[in-house]
Amino acid sequence: MAFAKLLKWFQNRNLRKKIDKEIRALAPEVFNDYLYRVDVLDNGNLILSWANDGFLKFCGITIDDLNSPWAAADPKYFHPDDLELIRQRIRSLLSGASRTDEYRVYGPDGAIRWLRDHAHPIWDPIKKRVTEIYGSIQDLTPLRKSEIILQDQLSYIGILLDSTEEWVIRVNQAGKIQYVNSSGRSEVRKQFGIELAQDSKILSLISETHREIFQAQLNKAFSGAKVKWHFSKLFPVQPNSELEVSFAPLSKEGAIKEVVIFVKDVTLRTVWETALLASEEKYRKLVEVSPDAIGLHADGKVIYINQTGLKMLGYDTVEEVEGKPIIEFVHPDSRQIVAERVLRAMLKSEPLEPIEEKFIRKDGTEISVEVSGVAFEQRGQKLMQVIVRDITERKKAEHELSELRKKILQTNDRLQAIIEGVKDSICAVDMDLRVISCNTAFELMVWKLYGKRVTVGQRIWDIAIDNAEEKERIIQNWSRALTGEVFKLERKISGLIKDSVVLEINYSSIRDESHNMIGATQIIRDVTDRYQYEETLRKSLDEKEVMLKEIHHRVKNNLQVVSSLLSLQTDFTDDPKLVSILKECERRIQSMALVHKELYQNDTIADADFTEYLNNLLVALVQSYGANKKVGYSIESQDIRLNLDFAIPLALVFNELVSNSLKYAFPGEQKGEIFISISKKENGLSISIGDNGVGLPKTVDVRNSEGLGLQLVGMLLEKLKAKWGLETVEVGTRFKIELPIPK
């Protein structure tokens, strides 16, 4: 089992590398967000290990600047008012909690930018801490600027409403007053002694003679029309007044719920307009400053045209066009409709609605115009006034817009073809979880799994309507994606066509050009074959692990048999020297057998827990020499695990050195202690083993000793390429070993 976990870890690591590579290749094309990944080191340092191109450009860095430690709350990057929030955010993420925060940073150009940061920490159950943090960042700066602009505009509108001389009143569908500007409140109170209080009925303030017509105009406005009416003595009090009242519908959430009433006191203006109409010179001045062409004609001939009209048609003076038939200025394509409109206007004296026509300029070129007009009688003569607006630029813009729409449709068709060519199943939904697009592969997968057809506009959970649990799971996963979370999961589903299908599903959000959430998408890949292959491989590894444990068990048993045979052999000889040699061999074999025992009893068979092994070895050796009462031992060691190539030779070295201490360091009844210290170094292990006994004679050369034990120690450590030797101590003996272990 332990070997399987180790193999799975390597596989997962390779898979993560592959996914990182795929994300790095895909992220700049798929995501508008700034994506990143932060690695958390064992010492608590944070390293920005990966980011998409958008993030790198935003920060003004390159991919070569990654994988370096950085301060979590560096004042040169974050706004001073948000530093405490950043610190709290880092602490929360390191505790394993996902967070979404908005804060301000300094961009590469020094400008302050608003960001919304969605971060999700990855908790490592083995290390019991957060090892990685994935996140996505949206730039909220345009949104914040828009909010400020909108607030300024609302404030500006409020100022305009309060500063205008018109009386502005807003009423709801029940006819209750919702708003009155300052001019309306003060002037109505001042002139008529009426208080326009909020929530009061507007009709209750109107005189009975005008109440019916006022209600009729209000109803028209609520039906969507903009209307205007002239009232004399609108309010039932003195004095008489001439008021011009405009009714404008106000839409909210797609429906007309309120009407804005603009009231203008035109008592004096009525007199002024009469005087103005009597003055032709004043009228001409107003016409001349008009941005539109204004002309008069009678009996089909031009009487007057303003400077804007002359310039539009390419003439310099009125004399050039005066008296000419109007039909000469109309393009042949428009002449019939123009003749019909002029005749209708003259007969019925009705205003002509604006329509598009074509005129001919002096140089013969065409010009697109929008023409409206009205017929009137003056001094017994029928006159026709026309207003002409040059729409050449507008037509050009409309043409360009039409061409752009065609290109967008073509691009959309190409993208649809690409999506259809992908083997993976792709589906996108809007904020209401309604399907807005999916490819054929997705439709086929849904049919195989649920026996349902997918249609655009259908709610996504309807494909599993017969299974309440599956419906709830679908809603939960899509809801996560609609919050902006990007995640992946694997699901094992039993379908109608296949008994069991394993799907790898990737969820992500869809945003518009302003980074507003508009929907979510999923990409589904059928990984059933891979899953079945991994299951087969996992079973095979489990079988091999059991077999290897059995082999180590049998090797240990065989070594125990050899040890027992040597022990029996000592009973059949009286030679003390031979007995000692046999005992030494027996202890060496037992030390090797302990290694194999440690391997098949541990969770992993690839390496042995050497610290546990040392405890067992010292217990066995002390008992073998009968030194339980006079010799103690201590072991200081980190968690050390060694494979067979290092464990068995090192076990024999410890056996020889500890045996020498037990045999020679404590003569007679002298008591003492054997100590072992093992610590990990950057390139291997540092080992110290010794005792506080009588020590070695000064004449002994441990590297050229005649004793078999020290010769065996030298050969084994030389094979392991270890540096070793005696350390100078005041009491006893101490060996120092520097053992290199390749990573």
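As a basis for the values below, the full set of heavy atoms in this structure was taken, side chains included, without hydrogen atoms, waters or symmetry mates. Computed from a predicted model, the values in this text were never measured in an experiment.
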Is [X] salt-bridged to [Y], going by a charged N under 4.0 Å from an acidic O?
X      : Y      : answer
Arg116 : Asp101 : no
Asp42  : Arg129 : yes
Glu84  : Arg91  : yes

Roughly how far, to the nearest 0.5 Å, is the [atom2] atom of [Y] from the [atom1] atom of [X]?
X      : Y      : atom1 : atom2 : value
Asn477 : Gln522 : CG    : CD    : 8.5 Å
Asn683 : Glu738 : CG    : CD    : 8.0 Å
Arg89  : Arg99  : CZ    : CZ    : 7.0 Å
Asn181 : Arg170 : CG    : CZ    : 11.5 Å
Asp512 : Ser514 : CG    : OG    : 5.0 Å
Ile112 : Thr141 : CD1   : OG1   : 10.0 Å

| field | Set of residues satisfying side chain to side chain contact (heavy atoms under 4.5 Å, CB included) with respect to Lys680, sequence neighbours excluded | value |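 Expected list: Gln638, Ile640, Leu685.
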| request: Could you tell me which residues satisfy side chain to side chain contact (heavy atoms under 4.5 Å, CB included) with Gln198, sequence neighbours excluded, listed by chain and number? | output: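 Residues passing side chain to side chain contact (heavy atoms under 4.5 Å, CB included) with Gln198: none at all.
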| request: Under the ring-ring contact (aromatic ring centres under 6.0 Å, His included) rule, collect the residues that match up with Tyr106, sequence neighbours excluded. | output: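 Tyr106 satisfies ring-ring contact (aromatic ring centres under 6.0 Å, His included) with no other residue.
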Taking every non-hydrogen atom, the tightest pair across [X] and [Y]:
X      : Y      : value
Ser98  : His120 : OG-ND1, 2.7 Å
Ile460 : Cys427 : CD1-SG, 4.0 Å
Asp424 : Ile523 : CB-CG2, 3.8 Å
Arg459 : Asp432 : NH1-O, 2.7 Å
Ala119 : Tyr36  : CB-OH, 3.6 Å
Ser509 : Ala481 : CB-O, 3.6 Å

Do [X] side-chain atoms and [Y] backbone N/O form a donor-acceptor pair below 3.5 Å?
X      : Y      : result
Asp526 : Leu503 : no
Gln458 : Thr455 : yes
Ser479 : Ile475 : yes
Ser251 : Ile256 : no
Thr131 : Asp124 : no

Do the non-hydrogen side-chain atoms of [X] and [Y] ever get within less than 4.5 Å of each other?
X      : Y      : value
Phe442 : Val454 : yes
Thr521 : Ile426 : yes
Pro121 : Glu132 : no
Arg37  : Asp39  : yes
Glu472 : Glu469 : no

| field | Worked check of side chain to side chain contact (heavy atoms under 4.5 Å, CB included) between Asn506 and Glu504 | value | CA-CA 7 Å; Asn506 291 272; Glu504 181 183 86; 4.1 Å; yes
| field | Pi-cation contact, Trp447 with Arg453 (under 6.0 Å, within 45°) | value |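 Judged by the rule (NZ or CZ under 6.0 Å from the ring centre, within 45° of its axis), Arg453 counts as positioned above Trp447.
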| Is the NZ or CZ atom of Arg104 both under 6.0 Å from the centre of the six-membered ring of Phe78 and within 45° of that ring's axis? |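 Geometry flag: not set, cation outside 6.0 Å or 45°.
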| Intermediate values then yes/no, side chain to side chain contact (heavy atoms under 4.5 Å, CB included), Ile518 and Asp430 | CA-CA 6 Å; Ile518 61 174; Asp430 59 17; over 6 Å; no
| field | CA sep, side-chain torsions, deciding dist, call: Glu258, Gln178, side chain to side chain contact (heavy atoms under 4.5 Å, CB included) | value | CA-CA 9 Å; Glu258 294 180 334; Gln178 303 297 303; 3.7 Å; yes
| task | Take the angle between the ring planes of Tyr507 and Trp478 and call it parallel below 30°, perpendicular above 60°, tilted in between. | result |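 Correct class here is perpendicular.
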| Going through the checks in order, is the side chain to side chain contact (heavy atoms under 4.5 Å, CB included) test met by Asp139 and Arg113? | CA-CA 7 Å; Asp139 189 351; Arg113 304 191 71 84; 2.6 Å; yes
| field | Side-chain H-bond candidate by donor/acceptor type, Tyr103 with Asp117, under 3.5 Å | value |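 Checked: Tyr103/Asp117 side chains pair up, N/O donor to acceptor below 3.5 Å.
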| request: Go through the side-chain N and O atoms of His118 and Thr100 and say whether any donor and acceptor fall under 3.5 Å apart. | output: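 Side-chain D/A pair, His118 to Thr100: present.
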